[in-house]
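The structure appears below as structure tokens.
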Protein chains: 2
Amino acid sequence: MALQLSVDRSSPVPLYFQVAGQLEQAINDGVLAPGERVPNEMVLADELGVSRPTMRQALQTLVDKGMLVRKRGVGTQVVKAQIRRPVELTSLNDDLVRTGRDPSTQVLSIKRATVDAAEAAELRIKPGDEVWRVERLRLIGEQPLALMANVIPCSVLDLSNVDLTARGLYETLRAAGIHVRVAHQEIGCRRADAREARLLSERRGSPLLTMRRTAYDDAGNAVELGEHAYRPALYSFEVTLVDR
Amino acid sequence: MALQLSVDRSSPVPLYFQVAGQLEQAINDGVLAPGERVPNEMVLADELGVSRPTMRQALQTLVDKGMLVRKRGVGTQVVKAQIRRPVELTSLNDDLVRTGRDPSTQVLSIKRATVDAAEAAELRIKPGDEVWRVERLRLIGEQPLALMANVIPCSVLDLSNVDLTARGLYETLRAAGIHVRVAHQEIGCRRADAREARLLSERRGSPLLTMRRTAYDDAGNAVELGEHAYRPALYSFEVTLVDR
DNA sequence: TAGTGGTCTAGACCACAAT
DNA sequence: TTGTGGTCTAGACCACTAC
């Protein structure tokens, strides 16, 4: 099967995005084999009837995803990698639904409280301001997967009438018009304490994979802190790094 | 102090890179405060005497680093975050040297061997091909930090006369003309076994933070596998995610 | 309505790698 | 020498936001 690309100029989807999507699918379908060289920018741009900068933008998105590698004077090649699903800026909920498992959520507690000093600094709000504290347990079928503690300033969102079992935190934020654009995460590990062990069906002292996150909206404001603890047999993080 | 930008057109450093670096420094120095709005693209481009696409490219690099957030119809703002050092595509060695600590390396073993089936699939080489197996212990002062096992195809590099105590693996690869451009990492955790515990001054069964990595060069070829185990009290991973 | 970033074009010159 | 991607320009039109 030969590489066959086309664009729909009446579509509201940007041209570079259409092209990037088709190239990505061609790679995933094996039409573009690992290690294979992609035609050069001018040829691709001509075939599709788009300009070279537009074609470059399409290729760059795949380079950023770690699927293509480019080298001046040489060309563009498909990375010889196994297929992977990258970590994206979505909630754990989205991740699990997409992978076709059977996730559910228990809300252990949700309450208004006063922010502590460290949290206030991280969220850049005033000490003493009110925040929501949420604690949830994530399950796959009957198996506990993660214990998630989150802090959201009350000024960001009213959680008093929100059902977090029905949809994830990020989906709830989106529904309230809050778009999370940047997140800083710190990944580590430690031993489970007695309470964590009980909730996660682990033994006290078992290793847990931990993630601390600060999330920012499209105005640059910190909107959420998260401290999650995962059972390492059921979850890990995948990260793709690209040198530009 | 006002924002003051300039470019040197005689420099070989790309204009967008010069501008991005100055903006980054302005943010780190507090000249551009968190939450502050940056002048719009046309104004910045005019002040510097560069075109709008060039200015956009500079701004985009900072968006990708999670330092700026842009919103159509609104403008560009500095993210209200604490200062962080991002995970980059460098070796642990580079990381530690840069943070001013006193790192050293012990090479526990280095030998030629035959690749196993799983490794051959991941590296996309033939089963039975020869590889280098390296095991190293990373220390901070007297304290063990990480146990690192790496596999490199013999076709990539000859390690028989290389001193890995003097410089890191990635530096050695660079010196051999191999440029690592993409890496896929999986981060998890597990218990230390008896040997790991002894080498890392931990107890058997203690939690270790683990990282499995496959690295690719600028032709898309897999050039290295890594399985590292870190002491969680001394090391964690930071990741910045950006929604585009 | 005014101003912002998002997209797109049609060129140009350059640095680098392969031959 | 040829071909590649890297950089840069000077415009254009559009979608979205705030007023």
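Every value quoted in this text rests on a predicted model; they were computed, and no experiment measured them. Just so it is clear, the values below take in all heavy atoms, side chains as well, and ignore hydrogens, waters and symmetry mates. In the text below, chain A, chain B and the rest are named by the order of the sequence lines, each starting its count at 1.
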If I take atom [atom1] in residue [X] and atom [atom2] in nucleotide [N], what distance separates them, rounded to the nearest angstrom?
{"X": "A/Q18", "N": "C/dC8", "atom1": "CD", "atom2": "P", "result": "8 Å"}
{"X": "A/R181", "N": "C/dG5", "atom1": "CZ", "atom2": "P", "result": "12 Å"}
{"X": "B/Q77", "N": "C/dG5", "atom1": "CD", "atom2": "C1'", "result": "13 Å"}
{"X": "B/F17", "N": "D/dC8", "atom1": "CZ", "atom2": "P", "result": "11 Å"}
{"X": "B/D218", "N": "D/dG6", "atom1": "CG", "atom2": "P", "result": "11 Å"}
{"X": "A/L48", "N": "C/dT9", "atom1": "CG", "atom2": "C1'", "result": "15 Å"}
{"X": "A/Q57", "N": "C/dT9", "atom1": "CD", "atom2": "C1'", "result": "13 Å"}
{"X": "B/R70", "N": "C/dT4", "atom1": "CZ", "atom2": "P", "result": "11 Å"}

#### Entry: Within residues 4-14 of chain B: residues closer than 4.0 Å to DNA chain D (heavy atoms)
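Going residue by residue through residues 4-14 of chain B, the ones with a heavy atom under 4.0 Å of DNA chain D turn out to be B/R9, B/P14.
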Taking N or O atoms only and anything under 3.5 Å, show me the protein contacts with nucleotides 10-19 of chain C, one pair per line.
residue : atom : partner : partner atom : Å
C/dA12  : N6   : A/R52   : NH1          : 3.1

Can you sort out the partners of [X] under side-chain contact (heavy atoms from CB on, under 4.5 Å), two or more places apart, ordered by chain and number?
{"X": "A/N40", "answer": "A/M42, A/V43"}
{"X": "B/V78", "answer": "B/I27, B/L32, B/V38, B/L68"}
{"X": "B/T114", "answer": "none"}
{"X": "B/N221", "answer": "A/K80, B/D217, B/A219"}

## Note on the structure
Residues passing the salt bridge (charged side-chain N to carboxylate O under 4.0 Å, His left out) test with A/D158, sequence neighbours excluded, are none
### Task
Can you tell me which residue pairs pass the side-chain hydrogen bond (donor to acceptor under 3.5 Å, both in side chains) test with a partner in residues 68-79 of chain B, sequence neighbours excluded?
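Sorted result for residues 68-79 of chain B: B/E41-B/R70, B/R70-B/T76.
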### Message
Tell me which pairs pass side-chain hydrogen bond (donor to acceptor under 3.5 Å, both in side chains) where either residue lies in residues 11-26 of chain A, with sequence neighbours left out.
### Response
A/E24-A/K65
### Task
Indicate the atoms forming the closest heavy-atom contact of B/L123 with B/P153, along with that distance.
CD1-CG, 4.0 Å
### Query
With a 4.0 Å cut-off on heavy atoms, is B/L59 in touch with a base, just the backbone sugar-phosphate, or nothing at all?
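Touches nothing.
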### D/dC8 phosphate, OP1 or OP2, under 4.0 Å from B/Y16 side-chain N/O
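For D/dC8, neither OP1 nor OP2 has a side-chain N or O of B/Y16 closer than 4.0 Å.
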### Query
Taking only N and O in the side chain of A/T76, is any of them less than 4.0 Å away from OP1 or OP2 of D/dG5?
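For D/dG5, OP1/OP2 do have a side-chain N/O of A/T76 under 4.0 Å.
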### Task
Before giving the answer on side-chain hydrogen bond (donor to acceptor under 3.5 Å, both in side chains), spell out for B/N150 and B/R133 the whole-Å C-alpha distance, their side-chain angles and the decisive distance to 0.1 Å.
CA-CA 6 Å; B/N150 298 88; B/R133 287 185 197 283; over 6 Å; no
### Task
Just compare C/dG5, C/dC8, D/dG5 and give me whichever is closest to any side-chain atom of B/R56.
C/dG5
### Message
Counting only side-chain heavy atoms from C-beta out, which of C/dG5, C/dC8, D/dG6 sits nearest to A/E41?
### Response
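Minimum distance to the A/E41 side chain belongs to D/dG6.
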